Amino acid sequence: MTFCAGALANAATLDMTANLQDAPVQQVNVQNLQQVPAPAPQAAPTPIQEKTEIVQPIPNADADDDDFASLTEAVAAQDAPASLDSELNCLAVSVYYEAKSEPLAGQLAVADVILNRTESGRFPRSVCGVVTQRGQFSFVRGGKLPTPPANGQWRKALAVAQVAMKDQWDSPVPEALYFHARYVKPSWKRARVGSVGNHVFYR
């Protein structure tokens with residue numbers, strides 16, 4: 001009996017020891033069962049843009065520069081305006097009635113005389129004021145301008161007036177303020193600038 005009791009006691013002791021040895025292992029295993037968080041998704045790398053040189057087109061300096069080879073070319077390049085303003089009309093009417101049978105240079109010279117007067121300080125400051133000034137132009141009646149016929153000579157006079165107002169061709173008689181027909185012999189004591197066609201010009 002004593003042997004059996006001792007054996008049972010030894011067996012119980014061994015069983016408890018085995019249980020104590022297994023306990024820490026189970027605890028260790030439980031502690032190691034932790035969820036590892038999944039790595040956060042990384043954004044796709046932004047492609048590096050290569051620096052490119054921004055080149056702006058150089059404006060054409062000659063695009064708006066009316067460079068004509070001749071007065072004839074300048075006159076031919078004029079488009080009839082959609083609406084005729086009073087200043088251009090007064091100048092064109094003057095060119096028509098004073099110089100419609102003159103060469104283009106003679107017509108331009110007449111137009112430039114009128115424009116020169118507007119800037120001289122001795123005449124009215126507007127084209128119409130110069131043209132309708134009393135005693136200056138014989139085609140003016142009672143301060144009113146006649147209506148020219150719509151023919152080729154009128155269209156040419158209108159184009160010459162446009163060239164003069166846009167200053168697209170140099171005057172053959174610069175700074176001239178007066179003119180008369182060749183057949184007239186006025187007793188003027190003015191400086192003569194030159195003659196073009198059938199007109200003589202003075203300043």
Side-chain angles (χ1 to χ4, degrees), residues 64-203:
D64 299 325
D65 184 16
D66 297 315
D67 188 12
F68 300 106
S70 66
L71 177 57
T72 301
E73 184 180 321
V75 170
Q78 305 306 312
D79 294 324
S83 60
L84 194 59
D85 66 80
S86 59
E87 290 288 273
L88 178 58
N89 181 68
C90 286
L91 188 60
V93 168
S94 302
V95 172
Y96 178 83
Y97 284 103
E98 289 291 328
K100 62 178 178 289
S101 59
E102 295 293 299
L104 290 179
Q107 294 186 39
L108 180 64
V110 168
D112 282 331
V113 164
I114 296 170
L115 294 176
N116 290 343
R117 286 187 178 189
T118 64
E119 299 175 355
S120 69
R122 291 184 279 170
F123 296 88
R125 297 183 63 84
S126 69
V127 171
C128 292
V130 167
V131 173
T132 58
Q133 188 177 16
R134 187 174 180 179
Q136 295 301 309
F137 295 96
S138 59
F139 65 87
V140 179
R141 295 286 187 271
K144 295 182 179 180
L145 303 181
T147 301
N151 56 21
Q153 287 182 316
W154 163 246
R155 288 188 290 272
K156 184 182 295 183
L158 177 58
V160 170
Q162 288 175 279
V163 170
M165 293 193 78
K166 296 174 185 177
D167 195 20
Q168 292 179 332
W169 196 261
D170 292 337
S171 171
V173 284
E175 300 181 6
L177 294 172
Y178 306 90
F179 67 93
H180 64 74
R182 285 182 181 273
Y183 58 82
V184 178
K185 303 295 181 182
S187 58
W188 290 353
K189 295 181 179 179
R190 305 183 187 280
R192 177 169 168 163
V193 179
S195 61
V196 183
N198 291 317
H199 289 113
V200 184
F201 296 83
Y202 301 81
R203 68 166 59 95

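Just so you know, these numbers come straight off a predicted model, no measurement behind them.
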Report task. Starting at CG of Asp85, measure out to SG of Cys90 and round the result to the nearest 0.5 Å. Result -> 9.0 Å

Report task. Answer yes or no: is there a side-chain heavy-atom contact under 4.5 Å between Tyr97 and Pro148? Result -> yes

Query raised in the report: Between Glu87 and Cys128, is there a donor-acceptor pair closer than 3.5 Å when you use the side chain of the first and the backbone of the second?
Result: yes

Query raised in the report: Does a side-chain heavy-atom distance below 4.5 Å link Gln107 with Val75?
Result: no

Requested in this report: Indicate yes or no for a side-chain donor-acceptor contact from Asn116 to the backbone of Ala176 under 3.5 Å, with no hydrogens or angles considered.
Outcome: yes

Query - Test item: side-chain donor near acceptor, Gln133 and Arg117, under 3.5 Å - result: no

Query raised in the report: Which pair of heavy atoms, one from Ala111 and one from Val95, lies closest together, and at what distance?
Result: CB-CG2, 3.7 Å

Query raised in the report: Within the side chain of Glu102, is there an N or O that forms a donor-acceptor pair under 3.5 Å with the backbone of Leu108?
Result: no

Query raised in the report: Any side-chain heavy atom of Val131 within less than 4.5 Å of one from Leu145?
Result: yes

Report task. Decide yes or no for Lys156 and Leu104: does some side-chain heavy atom of the first lie under 4.5 Å from some side-chain heavy atom of the second? Result -> yes

Query raised in the report: To the nearest 0.5 Å, what is the distance between CZ (Arg125) and CD (Glu119)?
Result: 8.5 Å

Query raised in the report: Can you check whether Leu158 reaches Leu88 side chain to side chain, under 4.5 Å on heavy atoms?
Result: yes

Query - Straight-line distance of Ser101 OG to Gln153 CD, nearest 0.5 Å - result: 7.5 Å

Requested in this report: Specify whether Phe139 and Phe137 have parallel, tilted or perpendicular ring planes, treating 30° as the upper limit for parallel and 60° as the lower limit for perpendicular.
Outcome: tilted

Query raised in the report: Taking all non-hydrogen atoms of both residues, which atom of Ser94 and which atom of Ile114 are closest, and how far apart?
Result: CB-CD1, 3.4 Å

Report summary line: Closest non-hydrogen atoms of Pro186 and His180, given as atom of the first, atom of the second and distance, are CG-CD2, 3.4 Å

Query raised in the report: Atom OG1 of Thr147 and atom CH2 of Trp154: how far apart are they, to the nearest 0.5 Å?
Result: 9.0 Å

Report task. Examine distances only and state if a side-chain atom of Arg182 and a backbone atom of Gly197 form a donor-acceptor pair shorter than 3.5 Å. Result -> yes

Requested in this report: For Phe201 and Val113, work out which heavy atoms get closest and say how close.
Outcome: CD2-CG2, 3.7 Å

Report task. Could you tell me whether the side chain of Gln78 reaches within less than 4.5 Å of the side chain of Val163, counting heavy atoms only? Result -> yes

Report summary line: Note: Trp169 and Phe68 closest approach over all heavy atoms is CZ3-O, 3.4 Å

Query - Any donor-acceptor N/O pair, Gln136 side chain to Thr132 backbone, under 3.5 Å - result: no

Report summary line: Between Gln162 and Pro81, the two heavy atoms sitting closest are NE2-CD, 3.9 Å

Query raised in the report: What do the steps show when you test Asp112 against Leu115 for side-chain contact (heavy atoms from CB on, under 4.5 Å), and what is the final call?
Result: CA-CA 5 Å; Asp112 282 331; Leu115 294 176; 4.1 Å; yes

Query raised in the report: When you measure from the centre of the six-membered ring of Tyr202, is the NZ or CZ of Arg190 under 6.0 Å away and within 45° of the axis?
Result: no

Query raised in the report: Within a reach of under 6.0 Å around CG of Asp170, are more than 12 heavy atoms found that belong to other residues, nucleotides or ligands?
Result: no

